[in-house]
Protein chains: 2
Amino acid sequence: MKGIRQLAKHLDISIGTVSRALNDKPDVNEETRKRVLAAAEELGYVANQSGRSLRQGTTNVIGLMIEASQETVENGDNFFLSVTGGLQSVFTRHKLDLVMLPCPSDEDPHEYLKRMVARRVVDAMIISATQRIDKRIDFLSKAKIPFVALGRSSSGGNYPWIDLDFEGVAACAVARLVAKGHRRIAIAAPSTDINLGYVFVDAYRQALERHGLEFDPSLIIRVKSSEQGGYQAGTELLQLENRPTAIILIYELMAIGLYRRMVEAGVVPGRDLAVIGFREEPRARFLQPTLTCFRLSLRDLGTKLAETLLATMPAYSALYPKGAQNTIWPLELAPGESDAFTITP
Amino acid sequence: MKGIRQLAKHLDISIGTVSRALNDKPDVNEETRKRVLAAAEELGYVANQSGRSLRQGTTNVIGLMIEASQETVENGDNFFLSVTGGLQSVFTRHKLDLVMLPCPSDEDPHEYLKRMVARRVVDAMIISATQRIDKRIDFLSKAKIPFVALGRSSSGGNYPWIDLDFEGVAACAVARLVAKGHRRIAIAAPSTDINLGYVFVDAYRQALERHGLEFDPSLIIRVKSSEQGGYQAGTELLQLENRPTAIILIYELMAIGLYRRMVEAGVVPGRDLAVIGFREEPRARFLQPTLTCFRLSLRDLGTKLAETLLATMPAYSALYPKGAQNTIWPLELAPGESDAFTITP
DNA sequence: CTGAAAGCGCTTACAG
DNA sequence: CTGAAAGCGCTTACAG
């Protein structure tokens with residue numbers, strides 16, 4: 001089936017009526033609508049998206065930009081694939097399609113985004129891995145493209161974002177460890193300029209302060225956000241003089257590498273070293289002793305992301321009252337055995 | 001910058017000339033072309049893709065369909081993200097953009113594909129995770145949409161595909177094990193209807209036959225393609241009477257779960273049980289003893305996939321001589337310690 | 001409730 | 001080498 005013209009001819013009615021029937025417009029005879037829908041189904045007609053887009057000025061496509069960094073790839077980090085389900089559950093209601101736009105690793109993310117937006121392949125964008133200073137945010141704001149960011153940034157002033165509750169996680173982790181008698185608590189933070197690193201370390205500092213503990217910069221161990229990074233963090237931790245008795249990890253898979261390094265060194269997590277991981281992750285579920293970490297539903301996060309985005313789009317904002325356009329997403333403590341011992345001074 | 005009309009007005013020339021200049025057509029004055037390109041850059045003009053698509057009949061977008069199954073997500077399987085780099089390196093040369101189309105887990109993959117194709121959001125498709133009988137292949141063939149499949153299938157007769165050399169891997173693994181004296185060799189295969197399972201098990205059977213070993217169906221352990229599946233395979237292996245002395249795994253992350261199960265049972269891989277893994281994977285690199293497995297470049301695989309696809313597209317086939325439209329992609333043995341012992345009967 | 005017509009933003013024969 | 005015009009496939013005021 002080529003186009004609406006053939007379908008209309010086949011039904012012996014005008015293309016206008018066919019279009020109205022297909023698009024659920026109210027002013028169509030019920031009988032006519034049924035005939036049209038049946039014929040479309042039978043002949044496999046679906047409206048050409050370019051034609052629609054050109055006329056309507058919208059593509060009905062939402063882009064999720066992802067950066068396939070070496071690290072992400074090696075980690076097998078499927079954070080986004082999980083969020084995707086939640087996003088789609090909302091978008092489907094409005095016949096919006098989600099496409100993932102992988103930025104080639106050799107292209108500047110900002111340039112890539114500009115190109116995609118300028119070509120108008122999407123109506124709106126979801127960006128993530130926000131940097132502390134992120135040009136993409138300024139660009140999208142200025143270009144008035146609806147968007148939502150997964151992650152805060154110092155850029156762009158007021159813009160829609162959702163971020164994980166790093167403060168809550170840091171505060172909870174520090175409080176637990178302090179309650180068990182720990183005084184020297186290390187933290188494994190990312191070595192990149194990603195904004196969550198700053199947020200997390202700040203919150204850790206403040207939590208220490210609240211508990212009257214001195215902040216020691218040497219306890220911030222900067223490593224890659226990966227299993228290997230966790231291993232590296234383990235190595236650096238072992239080399240610290242006056243070795244910390246506890247460590248908080250900012251990335252879920254670090255725990256696996258850290259455990260391995262500890263086992264190699266004869267240091268037993270949960271007995272000689274308290275470990276608190278970040279996000280609960282299937283692959284870390286089998287660590288022995290079980291890892292204390294934090295739980296969240298990536299699907300629900302995706303749903304919220306989608307709703308936040310739609311609230312900023314004129315065509316949908318009525319359905320999704322704007323309200324809080326910035327959300328701190330809570331994580332729930334999932335206690336394990338990795339920090340279940342008490343330090344006696 | 002709104003559209004080509006404004007840009008043309010700004011330059012005081014016709015939109016036709018602007019278009020020709022922007023699209024590298026030969027019949028444009030060099031001076032004019034420079035002025036146009038400069039103005040476009042300055043004003044941030046990029047052609048609206050819907051307009052282009054409608055006129056040209058092509059979208060210049062290639063779709064990579066991915067199925068975000070529960071398993072894939074939990075595994076953190078980033079096979080595709082890695083292949084993406086290779087795909088893009090080829091597509092970029094032709095100003096083609098790659099988008100990943102995630103099929104919602106509650107939608108039938110075949111219906112999803114039909115919808116995407118009918119809406120003409122992409123010029124061509126890359127599909128994967130091919131089933132033994134895969135309706136998508138018949139559909140794409142019939143609809144004459146250029147496509148390439150990552151994975152063979154029994155469907156569709158003659159169509160372009162690339163697949164990993166499962167035969168080679170199975171043959172090599174069995175030969176190695178037999179040479180070390182193993183007579184009872186188990187194999188962990190996928191429990192789903194994915195075609196690679198059939199191909200791999202067949203090749204394993206044939207390899208046994210070549211070495212004069214009897215095929216024992218109880219040695220085919222069907223489990224999920226995941227870490228957990230590997231663990232499960234370990235459990236089942238331990239329960240087998242006349243326990244096999246070796247196991248071949250069909251999925252890379254199975255090794256991690258299998259090792260864990262073996263350690264729990266006091267069975268030492270590389271001493272009490274020979275293990276040969278499938279694809280070399282960063283996360284399995286730290287297993288002790290090191291895993292014998294097979295190496296391939298996912299980036300190169302992506303490049304080949306892209307080239308195979310372009311060879312089937314009329315607009316590019318001249319540049320990519322069709323030649324072999326079916327490729328068996330070789331894997332290179334990466335010997336480790338996990339199968340380095342000899343059985344003495 | 002339906003039809004005829006305009007026009008979304010481009011590219012591309014066609015004239016000159 | 002450039003301009004004027006047609007037309008890709010739709011949706012949507014506008015008339016009736």
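By convention in this document, chain letters (A, B, ...) are assigned in the order of the sequence lines, proteins followed by strands, and residues within each chain are numbered from 1.
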Taking atom [atom2] of [N] as reference, at what distance in whole Å does atom [atom1] of [X] sit?
| X | N | atom1 | atom2 | result |
| --- | --- | --- | --- | --- |
| B:Arg119 | D:dT11 | CZ | P | 11 Å |
| A:Leu7 | C:dG3 | CG | P | 13 Å |
| A:Asn48 | C:dC8 | CG | C1' | 13 Å |
| A:Ile4 | C:dG7 | CD1 | P | 19 Å |
| A:Gln6 | D:dC8 | CD | P | 11 Å |
| B:Leu11 | D:dC1 | CG | C1' | 16 Å |
| B:Arg52 | D:dG9 | CZ | P | 17 Å |

key: Under the 3.5 Å Watson-Crick or G-U criterion, the dot-bracket string of DNA chain C, with | for inter-strand pairs   = |||.||||||||.|||

query = Which is true for B:Ile13 with a 4.0 Å heavy-atom rule: it touches a base, it touches only sugar-phosphate, or it touches nothing?
reply = sugar-phosphate

inquiry  = Applying a 4.0 Å non-hydrogen cut-off, can you work out what A:Ser50 is touching in the nucleic acid: base, sugar-phosphate, or nothing?
reply    = nothing

Side-chain N or O of [X] closer than 4.0 Å to phosphate OP1/OP2 of [N]:
| X | N | result |
| --- | --- | --- |
| B:Gln56 | C:dT12 | yes |
| A:Tyr45 | D:dC10 | yes |
| A:Thr32 | C:dT2 | yes |
| A:Lys25 | D:dT12 | yes |
| A:Asn23 | D:dT11 | yes |

note = Of A:Arg33 and B:Arg5, the one whose closest nucleotide on DNA chain C sits nearer the 5' end is A:Arg33

request  = List for me each residue that meets ring pair (Phe, Tyr, Trp, His ring centres under 6.0 Å) alongside A:Tyr112, sequence neighbours excluded, and say none if there are none.
outcome  = none

request  = Just grab all the salt bridge (Lys or Arg N to Asp or Glu O under 4.0 Å) pairs involving residues 49-62 of chain A, residues at least two apart or on different chains.
outcome  = none

remark   = Taking for B:Leu54 and for B:Thr17 the nucleotide of DNA chain D with the nearest heavy atom, the one nearer the 5' end belongs to B:Thr17

key: 5' priority, DNA chain D, between A:Ala47 and B:Asn29 [closest heavy atom]   = B:Asn29

key: With sequence neighbours excluded, residues passing side chain to side chain contact (heavy atoms under 4.5 Å, CB included) with A:Ile15   = A:Ile4, A:Arg5, A:Ala8

For A:Ala143, all residues meeting side chain to side chain contact (heavy atoms under 4.5 Å, CB included), sequence neighbours excluded = A:Phe139, A:Ile145

A:Tyr320/A:His94 aromatic ring centres below 6.0 Å = yes

Partners passing salt bridge (charged side-chain N to carboxylate O under 4.0 Å, His left out) against [X] (at least two apart in sequence or in another chain):
| X | value |
| --- | --- |
| B:Lys135 | none |
| B:Arg35 | none |
| A:Glu30 | A:Arg33 |

inquiry  = When you compare the side chains of A:Asn195 and A:Ser153, does any donor N or O come within less than 3.5 Å of an acceptor on the partner?
reply    = no

Check: B:Ser53/B:Gln49 side-chain N/O donor and acceptor closer than 3.5 Å = yes

key: Candidate nucleotides C:dG9, D:dT11, C:dT11, ranked by approach to the side chain of B:Ile15 - the nearest   = C:dT11

Protein-nucleic acid N or O pairs under 3.5 Å, nucleotides 13-16 of chain D:
{"unit_1": "D:dA13", "atom_1": "N6", "unit_2": "A:Arg20", "atom_2": "NH1", "d": "3.2"}

